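Written out below as structure tokens is the structure these notes cover.
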Amino acid sequence: QVTYNTLINGYCKVGNFSNAKRLIQLMRESGCAPDEWTYTALISGFSKFCMLEEASKVMDEMLGNGLNPNQVTYTALIDGHCKSGKLEIALSLMERMERYGCIPNLQTYNAIFNGFCKENRVSELEKLFNKMVEKGLKPNVISYTTWIDGLCRIGDTDSAFRVFNEMVKQQCLPNLHTYSALIHGLCQEGKAEEAEMMVKKIEEIGLNPDEVTYTSLIDGFVLLGQMDHALQLVKRMIDANCKPN
RNA sequence: UGUGCUAACAGAGG
């Protein structure tokens, strides 16, 4: 059972669903019934590849077999819907989840935050964020980074930095994703110089900017028409052992 | 007797 689930999960993760189904068949033939883990692996795989109809079908099948979807199952399906821009369905799934006595956890909220973020619905993100804190869940670096990214996307880097400061005050350590979101935001606002200073700052605290960080910064100077500096940054990127992709 | 081993969330360009 665990062995089969491990293999099935491996196939689901890479989108090889025919092999996953073949293994489920084998699993059944050897006397093991698919369990929550099996269905969750399928739902998570289908969600990841934006095959939402299939994912929902598996969810129904799971319920039909008397198995209870857990927090991981719901979160996978919710995340899939968020990533496909079906935020309203994701929200109703979260309601359904709660009605069935399955409490949304931090990952569930983070998936929804990401949905709001990508749809530029940052005020709703903030509202839910506060609601989550009221419920006693502690936001982590992913929660804050998603919020910051959302604010940057709507061009409100000032608020993004306010959230950043709040995060630090709450003893939540920003990581490279957090800084990269801010750097990207600054660059898109035409503040590539500020972004570059920020890159220097993160290097000082021992973080290594990666190709995502550099590409945002390079794009920032490209937007300003400063191609010479953009090319200089590519050189610096290579010197810093970061390969352009 | 032993409940261990497997699943979900964030950043760039196009």
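This structure is a prediction, so every number in the text was calculated from the model and none was measured. Here is how names work: the chains are called A, B, and so on, in the same order as the sequence lines, proteins then strands, and each is numbered from 1.
When the side-chain nitrogen and oxygen atoms of A:Lys13 are compared with OP1 and OP2 of B:rU6, none of them lie within a distance under 4.0 Å. The phosphate of B:rA7 (OP1 or OP2) has no side-chain N or O of A:Lys48 nearer than 4.0 angstrom. Between A:Lys118 and B:rG11 there is a side-chain polar atom (N or O) within less than 4.0 angstrom of OP1 or OP2. An OP1 or OP2 oxygen of B:rA10 is reached within less than 4.0 angstrom by no side-chain nitrogen or oxygen of A:Arg153. The shortest distance between the side-chain N/O atoms of A:His184 and the OP1/OP2 oxygens of B:rG13 is below 4.0 Å.
As judged by a 4.0 angstrom heavy-atom cut-off over every strand, A:Ser180 is placed among the base-contacting residues. No contact: A:Leu182 has no heavy atom under 4.0 Å from any strand. When heavy atoms are screened at a 4.0 angstrom cut-off, A:Ser216 is found touching the sugar-phosphate backbone but no base atom. Counting non-hydrogen atoms under 4.0 angstrom, A:Asp219 reaches the backbone sugars and phosphates but no base. Among the protein residues, A:Thr40 comes within range of the nucleic acid bases, having at least one heavy atom under 4.0 Å from a base atom.
At a cut-off of 3.5 angstrom, the base of B:rA8 holds no donor-acceptor pair with the side chain of A:Asn70. Side-chain atoms of A:Asn140 stay outside donor-acceptor range of the base of B:rA10, with no qualifying N/O pair under 3.5 Å. Contact annotation: side chain of A:Thr215 to base of B:rG13, donor-acceptor pair absent below 3.5 Å. At a cut-off of 3.5 angstrom, the base of B:rA12 holds at least one donor-acceptor pair with the side chain of A:Asn245. Residue A:Thr213 places a side-chain atom within donor-acceptor reach of the base of B:rG11, judged by atom type and a 3.5 Å distance cut-off alone.
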Going through the distances and angles, do A:Phe17 and A:Tyr11 end up as a ring pair (Phe, Tyr, Trp, His ring centres under 6.0 Å)? CA-CA 6 Å; A:Phe17 299 109; A:Tyr11 280 126; 9.9 Å; no
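Among A:Val2, A:Asn5, A:Leu42, the single residue meeting the side-chain contact (heavy atoms from CB on, under 4.5 Å) criterion with A:Trp37 is A:Asn5.
Counting to the nearest Å, the C1' atom of B:rA12 and the CG atom of A:Asp149 are 10 Å from each other. In this structure, A:Leu233 atom CG and B:rA12 atom C1' are separated by 14 Å, rounded to whole Å. Rounding to whole angstrom units, CG of residue A:Leu173 and C1' of B:rA10 are separated by 15 Å. Atom P of nucleotide B:rA10 and atom CZ of A:Phe129 are separated by 16 Å, given to the nearest angstrom. Distance, A:Tyr39 OH to B:rU6 C1': 17 Å, rounded to whole Å. For A:Phe164 and B:rG11, the CZ to P distance is 17 Å, given to the nearest whole Å. What separates CG of A:Leu7 from P of B:rA7 is a distance of 13 Å, to the nearest Å. Rounded to a whole Å, the CG atom of A:Leu186 is 14 Å from the P atom of B:rA12.
Remark: the backbone N or O of A:Lys13 is paired with a side-chain donor or acceptor of A:Lys48 at under 3.5 angstrom.
The shortest non-hydrogen separation linking A:Leu77 to A:Ser47 is CA-OG, 3.6 Å.
In summary, the aromatic rings of A:Phe129 and A:Trp147 are positioned with their centroids under 6.0 Å apart.
In this structure, A:Trp37 forms an aromatic stack with the base of B:rU6, since both conditions hold: centre separation below 5.5 Å and plane angle below 30°.
Salt bridge status for A:Glu98 with A:Lys135: present, with a side-chain N to carboxylate O gap under 4.0 Å.
Using a 4.5 Å heavy-atom cutoff, the side chains of A:Ser30 and A:Tyr4 are in contact.
Ranking B:rA10, B:rA8, B:rG11 by closeness to the A:Ala76 side chain, first place goes to B:rA8. Minimum atom distance to the side chain of A:Asp210 is reached by B:rG11, of the listed B:rG13, B:rC9, B:rG11. The nucleotide whose nearest atom lies closest to any side-chain atom of A:Ser44 is, among B:rU6, B:rG11, B:rA7, B:rA7.
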